[in-house]
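Start at 1 with the first residue, then count along the sequence.
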Amino acid sequence: LRKATFRGLAQNSGNTNGVAAVKPASLPLLTKARQIRELSPVEAGWEYPVKMRGVVTLAYQRNLYVQDDTAGIYVRSRLPGVLKPGDLIEIEGASNPGRYAPIVVPTNIIHLGTAPAPVSPEVSLFQMASGQYDSQWIEAYAVVRDEHLVDGLLQLKLSDRDGTFLAKIPTSSAPTN
């Protein structure tokens, strides 16, 4: 693996040193996406308080992804259709283990205006398929092998020298070229 990252977990403890994690009496306020993403599943379940600002990179149905200057993160939103990519928001809430990685469960979302898209690293389709870039704003170059528009999702079959990947992109119309 090139440029791969991983985090080992001790069995049933959620940390790497083999000692069971003990919840501290008070939890610090987390203000960056990377701080939340670095929590173990056990720690994320302690519901750390969160107050962060970021740019919406995807808002589709009840799926909301936000990127700050450190990382991207999934926000379990209950606000369908209110936010859109490019919106600058402030989120107050708590950490949660999520299904794949730590997430934010908001108690309050404030729209602050708009902001440019964050800088995106270039990654291969293999890196995308590995899951290591889950919730991250990335850039990839590939050949489109097939496309279908189904229920507001453009499904693209992409290929590069590392393999093939199926991407789904919310849109109201299929590309014409």
Side-chain angles (χ1 to χ4, degrees), residues 1 3-121 123 127-140 153 167-170:
L1 295 175
K3 298 182 184 177
T5 59
F6 69 95
R7 176 177 49 179
L9 299 175
Q11 187 131 3
N12 300 325
S13 70
N15 64 34
T16 59
N17 61 12
V19 177
V22 177
K23 183 178 178 180
S26 65
L27 299 170
L29 177 67
L30 303 181
T31 59
K32 297 290 183 180
R34 182 169 310 284
Q35 293 174 304
I36 301 160
R37 290 183 62 86
E38 290 176 347
L39 296 173
S40 71
V42 171
E43 292 166 335
W46 293 342
E47 298 182 339
Y48 276 78
V50 171
K51 186 173 184 177
M52 63 171 281
R53 286 185 179 195
V55 178
V56 174
T57 55
L58 178 65
Y60 176 71
Q61 295 176 344
R62 293 179 186 252
N63 295 304
L64 180 62
Y65 294 86
V66 176
Q67 183 98 15
D68 68 9
D69 60 342
T70 65
I73 195 146
Y74 176 77
V75 178
R76 186 180 293 154
S77 175
R78 294 183 184 97
L79 306 170
V82 175
L83 299 170
K84 62 187 179 311
D87 285 344
L88 178 64
I89 61 173
E90 182 174 83
I91 303 162
E92 293 180 31
S95 67
N96 182 281
R99 289 185 176 175
Y100 308 106
I103 66 170
V104 175
V105 176
T107 54
N108 193 27
I109 298 176
I110 301 170
H111 184 267
L112 302 173
T114 60
V119 176
S120 56
V123 302
Q127 289 172 303
M128 287 172 57
S130 74
Q132 74 187 70
Y133 287 97
D134 178 60
S135 304
Q136 305 306 300
W137 182 250
I138 56 94
E139 183 174 322
L153 280 178
K168 296 179 182 179
I169 303 167

According to side chain to side chain contact (heavy atoms under 4.5 Å, CB included), who are the partners of A71, at least two apart in sequence or on a separate chain? A33, R34, R37, Q136
Closest non-hydrogen atoms of G98 and N96, given as atom of the first, atom of the second and distance, are N-OD1, 2.9 Å
Looking at every non-hydrogen atom in both residues, tell me the closest pair between I89 and H111 and how far apart they are. CG2-CA, 4.2 Å
Taking side-chain hydrogen bond (donor to acceptor under 3.5 Å, both in side chains) as the test, write out the residues that go with D69, two or more places apart. K32
Tell me the closest heavy-atom pair linking L83 and A59, and the distance in Å. O-CB, 3.3 Å
Closest approach of P106 to I91 (non-hydrogen atoms, all atoms of both residues): CB-CG2, 3.9 Å
Quick one: side-chain hydrogen bond (donor to acceptor under 3.5 Å, both in side chains) partners of T57, sequence neighbours excluded? none
Less than 4.5 Å apart, side chain to side chain, heavy atoms only: is that true for L153 and P170? yes
Just by distance, do the side chain of W137 and the backbone of P118 share a donor-acceptor pair under 3.5 Å? yes
Any pair with a residue in residues 47-67 that passes ring pair (Phe, Tyr, Trp, His ring centres under 6.0 Å), sequence neighbours left out, goes on the list, sorted by first then second residue, please. Y65-Y74
I'd like to check the side chain to side chain contact (heavy atoms under 4.5 Å, CB included) partners of T31; sequence neighbours left out, ordered by chain and number. L29, Q35
How would you list all residue pairs meeting salt bridge (charged side-chain N to carboxylate O under 4.0 Å, His left out) that involve residues 87-98, not counting sequence neighbours? R53-E90, K84-D87
Heavy-atom distance under 4.5 Å between the side chains of I109 and L64, does that happen here? yes
Is there a side-chain contact between L30 and M52, using heavy atoms and a 4.5 Å cut-off? no
Residues two or more places apart in sequence or in another chain: which of them pass side chain to side chain contact (heavy atoms under 4.5 Å, CB included) with P116? none
What residues, two or more places apart in sequence or in another chain, satisfy side chain to side chain contact (heavy atoms under 4.5 Å, CB included) together with A129? F165
Of all heavy-atom pairs between V50 and A94, which one has the smallest distance, and what is that distance? CG2-C, 4.0 Å
Return the set of residues passing side-chain hydrogen bond (donor to acceptor under 3.5 Å, both in side chains) with T114 (not counting sequence neighbours), or none when no residue passes. none
With a 4.5 Å heavy-atom cut-off, do S135 and Y100 have their side chains touching? no
Could you state the interatomic distance from CD1 (I36) to CG (D68), rounded to the nearest 0.5 Å? 8.0 Å
For S120, what residues pass the side-chain hydrogen bond (donor to acceptor under 3.5 Å, both in side chains) criterion, not counting sequence neighbours? E139
